[in-house]
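Have a look at the structure below, then the notes.
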Amino acid sequence: MSKLIHVILSGGVGSRLWPVSRKSMPKQYIPMFGDKSLFQLSAERNKHLVSQALVVGNKENYLLSQADMVRADIAIYDEIIEALPRNTAAAVAFAAFAVHSDDILLVTPSDHIITNEDAYAQAISEAVGFASEGYLVTFGITPTKPETGYGYIECDGNAVLSFREKPDSETAQSFLESGNFLWNSGMFCFQAGAYLDELKKFEPEIYEASLTAFSLRSDDFLPTEESMLIPSKSIDYAVMERSDKIKVVKANFGWSDLGSFESIWEHWEGQGENHRFVKNNCVVGSSKHVEFLGVDNLVLVETNDAILVLAKGSSQDVKKIYERLEKEKPELVN
């Protein structure tokens, strides 16, 4: 009998949330949400919906994942530890190799927030139904604004018409007005074998190199030399945008990837966390008394070694600061 397995993808450094998010403590492990991390919330949210969990992470963060699984009260789970990041097509392949071909994988990032868990459970149930029929399912979120930081899915009911890259503001507005576009959540559901069949068809090099690395793993650790030979490509580019077996489940479960200070602002505002705000400005991380005078829509972010002040609307550009510091002052991103 097939199982429903929660695959938690725990890679990524959250560069748009610098200086709070660092390589040594990426955003998914920071306890910013009711003293819980996004990783812990993801594990807790799904543990009663699935048969078991499988964490795919890397050697830089697996101890953080293990600690959050303990906090989520999940004692029994499987783990695949990558030697180096090879993007999501390979990460999901490792998970698929680790289970039976008819097992259904519910693949979620570890760094998203979901506020309506009943609606979430209903969406999972719908997706599992499609997955049981051999479809590869993606979850599309009903957009609430012309967001330029997300990819979009053009759809007609459950049928996917196209995938679109992150748009400019004018294009995003046209997507919103058409009513036929959903935000691409980066969540998926499919039988392990169905995914591997499509990956082998479209990206045989990724399939074969991933299988080789997986077959040479030592305990939960994948080998470095063989992993370096795996082409780095996202699951969207490798499979989802090319397969004719795709379905989309339209979801309204209060989703955000919390990938920017603007999205964190909106989440806190929606949750009524008024202590985070001072005169229409947001304070992140600081324990000091903060005053603002003559300005609004600013975010002030403080850590023990850095301060960032940004306009709320410039949140997507924090990644550029991260990338510059990575070269000029790497100690500030590690």
Side-chain angles (χ1 to χ4, degrees), residues 12 14-21 26-42 44-45 108-120 123 139-152 166-167 169 172-173 175-177 181-187 251-303 306-319 321-322:
S15 58
R16 289 176 293 167
L17 291 181
W18 181 89
V20 175
S21 184
K27 71 167 183 173
Q28 59 266 34
Y29 302 108
I30 301 169
M32 294 174 64
F33 307 94
D35 295 326
K36 295 183 179 182
S37 72
L38 293 172
F39 186 106
Q40 181 181 345
L41 290 171
S42 177
E44 291 178 347
R45 179 185 311 122
T108 77
S110 58
D111 57 357
H112 292 181
I113 197 84
I114 288 168
T115 57
N116 187 334
E117 297 198 3
D118 289 338
Y120 178 76
F139 293 82
I141 310 299
T142 303
T144 56
K145 62 177 182 176
E147 174 64 56
T148 60
Y150 301 152
Y152 284 72
K166 296 176 182 178
S169 56
Q173 182 63 42
F175 287 172
L176 186 66
E177 291 172 357
F181 288 84
L182 305 172
W183 287 336
N184 189 347
S185 70
M187 295 171 48
N252 294 286
F253 42 60
W255 171 92
S256 173
D257 74 343
L258 294 180
S260 70
F261 288 112
E262 183 174 10
S263 61
I264 286 180
W265 175 314
E266 291 170 349
H267 173 70
W268 281 342
E269 198 169 46
Q271 296 300 302
E273 298 196 33
N274 298 323
H275 63 286
R276 309 279 189 177
F277 299 95
V278 180
K279 295 181 179 177
N280 199 39
N281 298 286
C282 185
V283 178
V284 180
S286 180
S287 59
K288 299 181 176 68
H289 177 80
V290 178
E291 293 281 353
F292 293 90
L293 181 63
V295 295
D296 61 12
N297 282 313
L298 293 184
V299 183
L300 185 148
V301 188
E302 182 180 14
T303 65
I307 293 175
L308 172 68
V309 180
L310 68 145
K312 177 184 178 184
S314 297
S315 296
Q316 296 294 333
D317 293 330
V318 175
K319 183 177 182 179
I321 296 176
Y322 179 97

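- Heavy atoms only, all atoms of each residue included: Q28 and G12 are closest at NE2-O, 3.5 Å.
- Inspection of the E291 and H289 side chains reveals an N or O donor paired with an N or O acceptor under 3.5 Å.
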Could you go through the side-chain contact (heavy atoms from CB on, under 4.5 Å) check for L300 and N281 one step at a time? CA-CA 8 Å; L300 185 148; N281 298 286; over 6 Å; no
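- Residues V318 and S15 approach most closely at CG1-O, 3.8 Å, considering heavy atoms.
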For ring pair (Phe, Tyr, Trp, His ring centres under 6.0 Å), just list the numbers for F175 and W183, CA-CA rounded to whole Å, side-chain angles, deciding distance to a tenth of an Å, and then say yes or no. CA-CA 10 Å; F175 287 172; W183 287 336; over 10 Å; no
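- With hydrogens and angles ignored, the 3.5 Å screen pairs no side-chain donor or acceptor of R16 with any backbone N or O of Q316.
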Step-by-step side-chain contact (heavy atoms from CB on, under 4.5 Å) determination, V301 to V20: CA-CA 8 Å; V301 188; V20 175; 3.4 Å; yes
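- Nearest heavy-atom pair across P109 and M187 is CD-CG, 3.9 Å.
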Could you check F39 against E44 for side-chain contact (heavy atoms from CB on, under 4.5 Å), going step by step and ending with a plain yes or no? CA-CA 9 Å; F39 186 106; E44 291 178 347; over 6 Å; no
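- Taking the six-membered ring where the residue is Trp, the centroids of F261 and W268 are separated by 6.0 Å or more.
- Looking at Y152 and N184, their side chains never bring a donor and an acceptor atom within 3.5 Å of each other.
- A cation-pi arrangement is absent between K319 and W18 under the rule of less than 6.0 angstrom and at most 45 degrees off the ring axis.
- Contact check for I113 versus L258: side-chain heavy atoms found under the 4.5 Å cut-off.
- Across all non-hydrogen atoms, the minimal contact from L308 to P19 is CB-CD, 3.8 Å.
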Step by step, work out the side-chain contact (heavy atoms from CB on, under 4.5 Å) result for S256 and H267. CA-CA 8 Å; S256 173; H267 173 70; 5.7 Å; no
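- Closest of all the heavy-atom pairs between L38 and K27 is CD1-O, 4.3 Å.
- For E262 and S315, the side-chain atoms include no donor-acceptor pair closer than 3.5 Å.
- Between E147 and K166, none of the side-chain N atoms (NZ, or NE/NH1/NH2) sits under 4.0 Å from a carboxylate O, so this pair counts as no salt bridge.
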